[in-house]
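Being a predicted model, the structure only gives us computed values, none of them experimental. Both ligands and their constituent atoms are indexed starting at 1 by order of listing.
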Amino acid sequence: MLILENQSLKHLNTFGLEAKAKYYIEIESEKELIELFVTPKSILDNALILGGGSNILFTKNYDGLVIRYIAKGIKVILEDDESVLIKAEAGEVWDDLVSYCVAKKYYGIENLSLIPGTVGAAPIQNIGAYGVELKDCFELLEGYFIDSGSKQTFMRSDCNFGYRDSIFKRELKNKFVITSIVLRLYKKQIFNLSYSALKEELKNYNTNELTIELVRETIKRIRKNKLPDPVQLGNSGSFFKNPEIDEEKFLLIHEKNPDLVFYKTSSGTYKIPAGWLIEKCGFKGRRIGNVGTFSKQALVIVNYGNATGDEIKNYAEQIRHEVNTKFSILLDYEVNII
Ligand code: FAD
Ligand code: EPU
């Protein structure tokens, strides 16, 4: 176990931004993590836990300790006729876990194919796509509090999962290192085809022709058509969350824009696409200097190569300002800004 100093994080964030960590450590096992907790408190108090860096914007160097928990492993820990409990270590690549489960025909996370990042980060914002969220198949996770070094298990109800939200994105942010998660997946064929773009892509198939591999391949195709590959164009997926607005505000917007796609929540609010709001403000495909908005999905801010974190943040602020001016809606960031 070796703490490095002044380490570049350029290849550890999908915006491809240069930022340096004052201290940096990669942890390969729970044993090593426990050993780390003897490090002076002054260093541990200022920690940043980093996975694949696909939901992070560095606007400056990190003046503290960056911890990457990189232990890998996937195993079935319990199995009956209907379902399996799968345990995955936090350092696994999320899509490798999906690929493993699809190959074994364990149903439940195929709609979450190709989401970048690690297994350990998946609970942080309760990753979601195409009608499925992590919480739908989540059983529990394990990890360690950085301040006390104590181990704890969080069951689903302890995690306060919400839309792109959990206790780990709030009060436990950078205080608790997730080391593994356990999911319950099903052995019988159950698909979630509720999301309109997915339904549309699969409309020419009969139900008996559908397979888990076909659903995964379809999701991958939809995503590749819509989202930029961070290897070619730096980005962190959706920069903003889709806002939930009250009925009065919704009706005002909907009256003038009957084509608006929306989703009524159980609490009576309306979730509308931030991408639509941003596009209506003229930002889709716009480029200012090194920063721009992706031509096929206005929710995604891209780095054309030489942007700084501040340039990206300022561009995002400009989008927020214009959406607020036009629609009186203040967008929330999905991305974690450092
Ligand atoms: P990082 O960016 O490294 O970290 C994210 C947060 O998690 C940080 O606050 C970090 O401190 C914390 N964290 C990371 N690992 C741990 C750990 N082991 N313990 C405790 N805290 C930890 N997200 C979706 O939900 N749905 C999508 O469809 C989607 N599409 C995307 C498409 C693209 C092209 C990109 C670039 C991103 C997309 N994202 C999407 C966002 C991103 O993939 C997810 O948020 C992912 O879970 C981030 O994983 P990561 O390992 O890269 O986390
Ligand atoms: N839309 C526009 N213009 C745009 C983009 C979207 O008008 O530029 C409208 C269209 O009407 C479209 C609707 O928005 O029908 C929904 O678009 P899309 O299916 O692309 O989904 P999204 O709401 O923009 C969300 C997630 C994505 C996730 C997809 C699929 C958020 C913030 N984003 O995007 O997650 O992959 O749904 O489920 O919830 C991420 O979190 O990083 C991410 C990429």
Within the heavy-atom cut-off of under 4.0 Å, ligand 2 is lined by A129, Y130, Y163, R164, Y195, R223, K226, G237, S238, F240, K241, N242, V261, P273, G275, W276, E279, K284, Q297, A298, L299, E334

Kindly say whether the aromatic ring centers of F327 and W276 come within a distance under 6.0 Å.
yes

Say whether I127, considering both its backbone and side-chain N or O atoms, lies within less than 3.5 Å of an N or O atom on ligand 1.
no

Output the list of atoms in ligand 1 that are nearer than 4.0 Å to some heavy atom of A129, sorted by atom number.
28 (O)

State whether the shortest distance between N or O atoms of L227 and N or O atoms of ligand 1 falls below 3.5 angstrom.
no

Atom 19 (N) of ligand 1: the protein heavy-atom neighbour that sits closest, reported with distance to 0.1 Å
I178 N, 2.9 Å

Main-chain N/O of A274 paired with N242 side-chain donor or acceptor, under 3.5 Å
yes

Indicate yes or no: does D45 engage K41 in a salt bridge with an N to O separation below 4.0 Å.
yes

Number the atoms of ligand 1 from 1 as they appear, then name those within less than 4.0 Å of a heavy atom of F176, with their elements.
19 (N), 20 (C)

Under 3.5 Å: N/O of Q125 near N/O of ligand 1:
yes

Heavy atoms only: which of S180, G237, A121, S166 is nearest to atom 14 (C) of ligand 1?
A121

L50: numbered ligand 1 atoms lying under 4.0 Å from its heavy atoms
3 (O)

Taking atom 5 (C) of ligand 1 as the point of reference, which of I27, N336, I337 owns the nearest heavy atom?
N336

Salt bridge between R216 and E110, side-chain N to carboxylate O under 4.0 Å?
no

Check whether the side chains of Y315 and T293 place a donor and an acceptor atom closer than 3.5 Å, and report yes or no.
yes

Considering I181, L134, I124 one by one, which has a heavy atom nearer to atom 22 (C) of ligand 1 than any of the others?
I124

Within the 4.0 Å heavy-atom cut-off, what K169 brings close to ligand 1 is neither

Can you confirm, on distance only, whether ligand 1 has an N/O atom lying under 3.5 Å from any N/O atom belonging to I49?
yes

For this output row, return yes or no: ring centroids of Y62 and Y24 closer than 6.0 angstrom.
no

Any donor-acceptor N or O pair under 3.5 Å, side chains E30, Y144:
yes

Do the ring centers of F138 and F161 come within less than 6.0 Å of each other?
yes

Taking 4.0 angstrom as the limit and counting only heavy atoms of P228, give me the atoms of ligand 1 inside it, by number and element.
34 (C)

For N174, the ligand 1 atoms with a heavy-atom partner under 4.0 Å come out as 11 (O)

Any sub-3.5 Å donor-acceptor pair from Y69's side-chain atoms to G143's backbone N or O?
no

Going through the checks in order, is the side-chain hydrogen bond (donor to acceptor under 3.5 Å, both in side chains) test met by T179 and E89?
CA-CA 6 Å; T179 54; E89 302 302 315; 5.6 Å; no

Could an N or O of ligand 1 be found under 3.5 Å from any N or O of N235, whether backbone or side chain?
no

Suppose we screen for side-chain contact (heavy atoms from CB on, under 4.5 Å). Which residues come up paired with E209, at least two apart in sequence or across chains?
Y205, N206

For the residue pair E92 / T118, report whether a side-chain donor-acceptor contact shorter than 3.5 Å exists.
no

Could you tell me whether R221 and E201 have a side-chain N and a carboxylate O separated by less than 4.0 Å?
yes

In the protein, which heavy atom is nearest to atom 40 (C) of ligand 1, and how far is it?
I115 CG2, 3.8 Å

Closer than 4.0 Å to some heavy atom of G128 - which atoms of ligand 1 meet that?
24 (C), 25 (O), 26 (N), 27 (C), 28 (O)

Y270-Y263 aromatic ring centre distance below 6.0 Å:
no

Which atoms of ligand 1 have any heavy atom of G117 under 4.0 Å away?
49 (O), 50 (P), 51 (O), 52 (O)

To the nearest 0.1 Å, how far is atom 28 (O) of ligand 1 from its closest protein heavy atom, and which atom is that?
R223 NH1, 3.0 Å

Can you tell me which residue and heavy atom of the protein come closest to atom 2 (O) of ligand 1, and the distance to 0.1 Å?
N55 N, 2.8 Å

Do S194 and N192 pair up side chain to side chain, a donor and an acceptor below 3.5 Å, judged on atom types alone?
yes

Heavy atom of R164, distance to ligand 1 below 4.0 Å
yes

For atom 50 (P) of ligand 1, what's the nearest protein heavy-atom neighbour? Residue, atom name and distance, please.
G52 N, 3.4 Å

F191 vs Y107 aromatic rings, parallel, tilted or perpendicular, using cut-offs 30° and 60°?
perpendicular

Within the structure, does T118 bring an N/O atom to less than 3.5 angstrom of an N/O atom in ligand 1?
yes

Is there a donor in the side chain of N336 and an acceptor in the side chain of K173, or the other way round, less than 3.5 Å apart?
yes

Atoms in ligand 1 with a heavy atom of G53 nearer than 4.0 Å:
1 (P), 2 (O), 3 (O), 50 (P), 52 (O)

Do any N/O atoms on K173 end up under 3.5 angstrom from N/O atoms on ligand 1?
no

Please report, to 0.1 Å, the donor-acceptor pairs under 3.5 Å made by any side chain of residues 72-79, with sequence neighbours excluded.
from: E79; atom 1: OE2; to: K187; atom 2: NZ; distance (Å): 2.8

Which protein non-hydrogen atom lies closest to atom 43 (O) of ligand 1, naming both residue and atom, and how far is it?
P116 O, 2.9 Å

Looking at atom 48 (C) of ligand 1, what's its closest protein heavy atom, distance included?
S54 OG, 3.2 Å

For ligand 1, is there an N or O atom under 3.5 Å from any N or O atom of G51?
yes

Could you pull out every donor-acceptor pair under 3.5 Å between side chains of residues 54-61 and any protein atom, sequence neighbours left out?
from: N55; atom 1: ND2; to: Q125; atom 2: OE1; distance (Å): 3.0
from: T59; atom 1: OG1; to: I338; atom 2: O; distance (Å): 2.5
from: N61; atom 1: OD1; to: K20; atom 2: N; distance (Å): 2.8

I want to know whether Y186 and Y106 have ring centres closer than 6.0 Å.
no

